[in-house]
Amino acid sequence: MIPNKECMKDILKFISENVKVKVDDMAFHNITLSTLNISALLDKMSKEGKYTMEEIAYNFLQCHYNGLLRANINFQQKMIQSSTSDIIGITFTGIDFMNQV
């Protein structure tokens with residue numbers, strides 16, 4: 001499979017739109033991070049019909065391996081457990097990549 005830059009940009013855009021932070025009103029202003037698990041990314045993006053689930057998974061990994069996003073990925077031998085792996089957000093490098101023409 002060959003990396004698809006448009007798919008990678010769409011993945012980063014999806015992540016930036018779906019990962020949120022919330023600051024509480026308490027004295028210490030705790031920050032709650034609303035992460036996105038990989039299963040949700042695969043399911044929601046594939047339902048749009050633009051990319052297959054395999055294309056999204058492959059290009060997600062390309063984004064991860066190239067430092068375009070931050071994620072906690074849980075492996076079980078050679079398999080990624082997508083439902084328990086969380087996407088934390090995109091990096092500055094990912095933002096720059098996403099904004100390239």
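Sequence positions, counted from 1, serve as the residue numbers for this chain.
Few gaps surround CZ on Phe75; more than 12 heavy atoms of other groups in view lie less than 6.0 Å from it. Crowding of Gln76 atom CD: a count of heavy atoms from other residues, nucleotides or ligands under 6.0 Å not exceeding 12.
Looking at every heavy atom in both residues, Asn4 comes nearest to Asn59 through N-OD1, 2.8 Å.
For the atom pair OG1 (Thr35) and NZ (Lys20), the distance works out to 13.0 Å, reported to the nearest 0.5 Å. The CD1 atom of Ile87 lies 12.5 Å from the CZ atom of Arg70; values are rounded to the nearest 0.5 Å. One finds the CG atom of Leu61 at 9.0 Å from the CG atom of Leu69 (value rounded to the nearest 0.5 Å). Here Ile90 contributes atom CD1 and Leu68 contributes atom CG; the two are 9.0 Å apart, rounded to the nearest 0.5 Å. Taken to the nearest 0.5 Å, the CD1 atom of Ile2 stands 11.5 Å off from the CD atom of Glu55. A distance of 9.0 Å separates CD in Glu54 from CG in Leu42, rounded to the nearest 0.5 Å.
Proximity of a side-chain donor or acceptor of Asp24 to a complementary backbone N or O of Asn30 within less than 3.5 Å is detected.
Residue Tyr65 is not grouped with residue Tyr58 when hydrophobic side chains (ILVMFWY) are merged at heavy-atom distances under 4.5 angstrom, including chains of intermediate members. Note on Val21: it clusters hydrophobically with Leu36, by side-chain heavy-atom contacts below 4.5 Å among ILVMFWY residues.
In this structure, a donor-acceptor pair under 3.5 Å is absent between the side chains of Ser39 and Ser83.
Scanning for side chain to side chain donor-acceptor pair (under 3.5 Å) contacts around Thr84 gives Asn74, with sequence neighbours left out.
Side-chain atoms of Ile56 and Leu41, non-hydrogen and from C-beta on, do get closer than 4.5 Å to each other. With contacts defined as side-chain heavy-atom distances shorter than 4.5 Å, the pair Asn72/Ile88 qualifies. Inter-residue side-chain proximity for Phe60 and Ile80 is flagged as unmet; no heavy-atom pair is nearer than 4.5 Å. Proximity of Lys22 to Ile31: side-chain heavy atoms (C-beta onward) are nowhere separated by under 4.5 Å.
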Review item, side-chain donor-acceptor pairs of residues 7-14, under 3.5 Å, at least two apart:
| from | atom 1 | to | atom 2 | distance (Å) |
| --- | --- | --- | --- | --- |
| Lys9 | NZ | Gln100 | O | 2.6 |
| Asp10 | OD2 | Lys50 | NZ | 3.1 |
| Asp10 | OD2 | Tyr51 | OH | 2.5 |

